[in-house]
Amino acid sequence: MPKGEINMAQIAVMSVDGSVKKIDRDSEEGLQALRKLASLLLKDSLHQEFKGIRLGESVADEDGFHVDSDKDDQQVSADELSALQDALLAKAKDAKVEFVEADLDDALAEVKDDPYSSELIKEAAKDGKVAMYQVGDVKAVADGDIMVYGDAIKHLKLLSVAGAYWKGMSSNPMLQRVYGTVFFSKDALDEDMKKRQEAREHDHRVIGNQLDLFFVDPKVGAGLPYWMPKGATIRRTIERYIIDREVADGYEHVYTPVLMNLDAYKTSGHWEHYRDDMFPPMDMGDGEMLEIRPMNCPSHIQIYKHHIRSYRDLPMRIAELGMMHRYEKSGALSGLQRVREMTLNDGHTFVAVDQIRDEFAKILNLIMDVYKDFDITDYSFRLSLRDPKNKEKYYGNDEMWDESQKLLKAAMDDLNLDYYEAEGEAAFYGPKLDIQTKTALGNDETMSTIQLDFMQPDRFGLSYVGKDGKEHMPVMIHRGIVGTMERFVAYLTEIYKGAFPTWLAPEQVHIIPVSDEKHGDYAKQLADKMKAAQIRVVVDDRNEKMGYKIREAQTQKVPYTLVVGDDEVKDNAVSVRKYGEEAQNSMSQDAFMNEILADIASYSRKN
RNA sequence: GCCGACUUAGCUUAGCUGGUAGAGCAUCUGUCUUGUAAACAGAAGGUCGGAGGUUCGACUCCUCUAGUCGGCACCA
């Protein structure tokens, strides 16, 4: 039995005060302590393999662990990972963590050529002392529990190197980050590797290519996606759905120009606070400056302002599938997830202050209903607040922010929903509730959002006539339900792994005549009947073997494949094969029509 | 934007230390006329991301540039 394990089920773990306790190996804490030790062993290995290397943070998190480092001559390269991994595993066998309570001056003297370690030590020091874990030749600030013995580290893999800013600030130098993962058992490691592989198979960029949904061609512009017919069909289906939903919910859908006089964006505050993300204005040569819009709010404000509004008009809900352009940094672009041209399922509700809570709840209800229709279940609520240390990034005064943030929290508490707060994530004009989802590769992204805005109504001088006959200022609630069409389709592609539910599938039915000559007419008549019922159907009458066509229907993830031959023609029937199933089911045409129409009508719901 | 890796036919890709490119799928043309995951044969398709440079000679080495990917930063 390895000495690191008290018994098979427990490990010794040291805490930041140097005390040692036994905890369950198969607990979250156990895994965390394992990763923490792995990160320090990696530090020690880097220190050994690369003379004069400076060491940044070593972090254990839910994905594994990573260590930042910096070296003058050459960077740690991906080719060196396996050597580094061997060194680490060799060290692990006899590794034992020692607790050191060092004098600050002594600790600093030891790392005098390493500004990163020095800074970490200084930050952690208390009363001239600093608590550290020593692993091999490396001492690191004690932060979090750590497994004491290294002999349990056998199933470890260094995964990749990447750049990362020191302290996460882009104004700081960039260090090299080595990522790794480690588990107590080979099975767990294998499973983790499989999960990472599986995640890549869900990637919308891979599937988008396989299913011919969209493309981005650098020759015609990075971040400017082209929607192929199949992708366009998915998008159009969602657009029709969401417009109908919103109209039913009291929204008035509009169309507004993608170009607008730059002055409007000066008034809105975008020019001041959002310019870096905007395309440069077009100088028309006669004094007019046009801007391609990065957001739709100023456009909808024009709709509001076009008439005198009364309290009777409120809440006034303006919505649009608004195309916008943002100059995203080249390194941020990614398939349909981050693009430079996007169409937002945008909406702006103009309300009186006392209507905020009800409207907020109404919007959130709409979002939750829509999520059910799309079977979106994995999300979290993020209350995005102003960064109190960085107020110049935002428009407005403390009072407005305090009030709107308080209102938003109260609205969330009313609804009794779990949420977490994130400072610095607010829009420049106000706080927001973001609904966060994860991409296939595990990156966090905002899907839906509800934002409070006291600023733009003020800056644009919006008003309505109250019961008292006097002018009042409305509040704007910005909201996106399915977010941008680009990101939403990317997300759905990933969660469905390209196997779109029937209502969204670009091709819902493939009809395969056994012999085109003998059964082609029957197939085409059947297809016409389905088309008349708005079903998206393709008769595969190419000169190919049946098996070939079946295979293609499966690889293209078509929900229903119908084979029609002598038997079917005789009985006015179809042989039905569903995507992902091998079983075939023979039924009458009418029975099939009923089945597929019911399927389509149920959206993606799993009832 | 930053760090690193990568970029060969529509797609997926082979091409060791320099001697001007091969394959599978898709496409087209024939033959075959098909009962639940790939019929057979032939043809066509590449200025090896772009621009410079080194060299007798560059897909291969160097520089610059664009894009993609993994991260970071930023964000719907």
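Below, read A as the first sequence line, B as the second, and so on, with proteins coming before strands; counting in each chain starts at 1. All values below come from the heavy atoms of this structure, side chains included, with hydrogens, waters and symmetry mates left out.
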[N] versus [M] - spacing of their [atom1] atoms, nearest Å:
| N | M | atom1 | answer |
| --- | --- | --- | --- |
| B:rC59 | B:rU54 | P | 16 Å |
| B:rU7 | B:rU17 | P | 13 Å |
| B:rA26 | B:rA21 | P | 26 Å |
| B:rA58 | B:rC62 | P | 15 Å |
| B:rA14 | B:rG71 | P | 22 Å |
| B:rG42 | B:rC6 | C1' | 36 Å |
| B:rC11 | B:rG45 | C1' | 13 Å |
| B:rC25 | B:rA38 | C1' | 10 Å |

Looking across every strand, which nucleic acid part, if any, lies under 4.0 Å from [X] by heavy atom: base, sugar-phosphate, or nothing?
| X | value |
| --- | --- |
| A:Ser575 | base |
| A:Ala222 | sugar-phosphate |
| A:Glu341 | nothing |
| A:Thr555 | base |
| A:Asn543 | base |
| A:Gly331 | base |
| A:Arg205 | sugar-phosphate |
| A:Gly547 | sugar-phosphate |
| A:Phe488 | nothing |
| A:Leu175 | nothing |
| A:Val339 | base |
| A:Leu159 | nothing |
| A:Ala162 | base |
| A:Gln210 | nothing |

Is there a side-chain contact between [X] and the phosphate of [N], meaning an N or O under 4.0 Å from OP1 or OP2?
| X | N | answer |
| --- | --- | --- |
| A:Tyr548 | B:rA26 | yes |
| A:Ser330 | B:rG1 | yes |
| A:Arg177 | B:rG70 | no |
| A:Arg338 | B:rC74 | no |

Counter-base of [N], judged by Watson-Crick or G-U geometry with both distances under 3.5 Å:
| N | result |
| --- | --- |
| B:rU20 | none |
| B:rA76 | none |
| B:rC32 | none |
| B:rU27 | B:rA43 |
| B:rU60 | none |
| B:rG67 | B:rC6 |

When you measure from the side chain of [X], which nucleotide among [options] comes out closest?
| X | options | answer |
| --- | --- | --- |
| A:Gln554 | B:rG35, B:rA37, B:rA39 | B:rA37 |
| A:Glu544 | B:rU33, B:rG35, B:rA39 | B:rA39 |
| A:Val514 | B:rG1, B:rU36, B:rG35 | B:rG35 |
| A:Arg487 | B:rC75, B:rC72, B:rU34 | B:rC75 |
| A:Arg542 | B:rU27, B:rU34, B:rC75 | B:rU27 |
| A:Lys329 | B:rG67, B:rA73, B:rC75 | B:rA73 |
| A:Asn209 | B:rU34, B:rU12, B:rC75 | B:rU12 |
| A:Tyr165 | B:rG1, B:rC75, B:rU68 | B:rG1 |
| A:Glu517 | B:rU33, B:rU36, B:rG70 | B:rU33 |
| A:Lys432 | B:rA76, B:rU31, B:rC69 | B:rA76 |

query: Looking at A:Leu156 and A:Leu189, what are the two nearest heavy atoms and their distance?
result: N-CD2, 3.9 Å
- prompt: Of the non-hydrogen atoms in A:Ser39 and A:Val67, which two are nearest, and what is the gap between them?
  reply: O-CG2, 3.2 Å
Could you tell me the separation between the [atom1] atom of [X] and the [atom2] atom of [N], rounded to a whole number of Å?
| X | N | atom1 | atom2 | answer |
| --- | --- | --- | --- | --- |
| A:Trp166 | B:rG71 | CH2 | P | 22 Å |
| A:Asn585 | B:rU36 | CG | C1' | 13 Å |
| A:Asp540 | B:rU36 | CG | P | 16 Å |
| A:Asp217 | B:rG10 | CG | P | 11 Å |
| A:Tyr491 | B:rA76 | OH | C1' | 14 Å |

message: Using 30° and 60° as the class boundaries, would you call the ring planes of A:His300 and A:His348 parallel, tilted or perpendicular?
response: perpendicular
task: Give the ring-plane orientation class for A:His270 versus A:Phe428, where under 30° counts as parallel, over 60° as perpendicular and anything between as tilted.
output: perpendicular
How about [X] and [Y]: does a side-chain donor come under 3.5 Å of a side-chain acceptor?
| X | Y | value |
| --- | --- | --- |
| A:Tyr116 | A:Asp70 | yes |
| A:Gln451 | A:Tyr429 | yes |
| A:Gln508 | A:Asp599 | no |

- request: Tell me, with the steps shown, if A:Glu486 and A:Arg235 meet salt bridge (charged side-chain N to carboxylate O under 4.0 Å, His left out).
  value: CA-CA 8 Å; A:Glu486 288 74 14; A:Arg235 171 173 169 170; 3.6 Å; yes
Pair A:Tyr379 and A:Tyr491, ring centroids less than 6.0 Å apart: no
query: Only one of A:Arg317, A:Glu359, A:Lys362 forms a side chain to side chain contact (heavy atoms under 4.5 Å, CB included) with A:Ile477, so which one is it?
result: A:Glu359
